[in-house]
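By convention in this document, chain letters (A, B, ...) are assigned in the order of the sequence lines, proteins followed by strands, and residues within each chain are numbered from 1. Quantities reported herein were computed from a predicted structural model and do not represent experimental measurements.
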Amino acid sequence: MFVLRKKIAILSSCSIFSRGLQHILDEFFNQADTYTFHSIEELMNHGADNYELFFLSTENLVSQYEYFLPRKNRTIICTDAQNYKAPFHVLQLNCTLSDTIDNLQSIFSKIEKPNKNNLREELSTREKDVLRLIVKGLINKDIADKLCISLNTVLTHRKNITSKLGIKSVSGLTFYAMMNGLISENE
Amino acid sequence: MGFINAEMRLCDVITNEPSLIPVINRFGIKLGVGDKSIRNICAEKEIDSEYFLSILNTFINADYFPENKFKSFDAIQLIDFLTRTNQSCEAFLLPNIEHHLNSFIERSDPNNTNLELLRKFFAVFKNEFKARIKLDQGELFPAFKKLFNEASDAIITIDSKNVDADPVEEKLIDFKNLMIQHLSGEYDENLCYAVLVAVCNLEKEINRHNRIRNKILFPMVKALSFEKE
């Protein structure tokens, strides 16, 4: 499953269309955070700048061209027209579900450039230091004192450790540390 | 699958969502359901069909949780369901993981020390989970039942610190992620898959159980205790 972590606005006066697209995004692009808007006014009142991706019809594009042009890499025009030419991403509507999913995936992979830092989520040396102290049972303040860093930095390291390892509990982290030789079983 | 309604045939629901079989069993419904609708089966078994459907729909849809509807159901009925879930986890789901985990470790590379560590972490989870079941079954649920039967004026205080992030559920997810993300060395892939499927089944049960226990039953008990205070 393609994981898309984006806040998405679907703008269409047709609720069957927007709900259908929302359903496809939810089902096939897990973690997409999708909202539907009936009119451009509704989207603007809700704070359009809060959204990272926009799906809209050609009519909406015409009425708000100046707003969307600077955001062309984040705007996807949904249309039935074949060979629609515009400086935006284009989603063809008159195709099968499988083709729609493939087309969406192709658009998203252009938008989500692979981040080299995400390719290998290894713990940094500092994060390993923090992890060793967590599994020794030290509280955040003691970890900060011991490593001469601020409490906020400890919290950031903890958040990153959990995000990289997918492990939250202290006992889970302890077993991870043992499995990876960061501490011995006797510690 | 979509939303389940009373006119659907239970056999179709089970065919689409076999993970509901243990849930349905907890209502005293066994396989061999024929082609009857849910409404007819509930009528035969004297089960409140609204309640039955709410349980089934919340079980299969992670995003569906009608809190107000649940709060309108009989608390004793909810406690009985949670009791049966606890019993099922302790008698079947937990031993099932253990059985697969033991086979997995025995049939994998004996030099892979990580597998023994996994077994130890699972034991930590198991002890904590069994302690919670014991607390529910031995203390909390009997006290709640007395309270709802108006046989007690006791004020029950519930430790709410674990209501949002349950440490038991968290540990099981950690165990699953340790296997998925951090397993290394040689091991039996088929049995590894069997362990993970069993873990995912238990995780789903605990998650659904916790929502009813922590977000419906506990607030009902708090509200009633407050009234009696």
[X], [atom1]: over 12 other non-hydrogen atoms inside 6.0 angstrom:
{"X": "A/Phe17", "atom1": "CZ", "value": "yes"}
{"X": "B/Tyr64", "atom1": "OH", "value": "yes"}
{"X": "A/Lys168", "atom1": "NZ", "value": "no"}
{"X": "B/Glu189", "atom1": "CD", "value": "no"}
{"X": "B/Lys69", "atom1": "NZ", "value": "yes"}
{"X": "A/Ile16", "atom1": "CD1", "value": "no"}

How many angstroms lie between atom CG of B/Leu117 and atom CG of A/Asn180, to the nearest 0.5 angstrom?
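Answer for the CG-CG pair, B/Leu117 versus A/Asn180, is 10.0 Å.
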What distance do A/Ser171 atom OG and B/Glu170 atom CD have between them, rounded to the nearest 0.5 Å?
9.0 Å
Can you check whether B/His182 reaches A/Leu165 side chain to side chain, under 4.5 Å on heavy atoms?
yes
Does any part of the side chain of A/Phe175, heavy atoms only, come nearer than 4.5 Å to the side chain of B/Val124, both counted from C-beta?
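B/Val124 vs A/Phe175: side chains touch.
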Applying the side-chain contact (heavy atoms from CB on, under 4.5 Å) criterion to A/Met179, which one of B/Asn114, B/Thr113, B/Leu115 satisfies it?
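One option only clears the test, and that one is B/Asn114.
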Smallest separation among heavy atoms of [X] and [Y], with atom names:
{"X": "A/Gly172", "Y": "B/Phe121", "value": "CA-CZ, 3.4 Å"}
{"X": "B/Asp174", "Y": "A/Ile167", "value": "OD1-CA, 3.2 Å"}
{"X": "B/Lys171", "Y": "A/Ser169", "value": "CG-OG, 3.9 Å"}

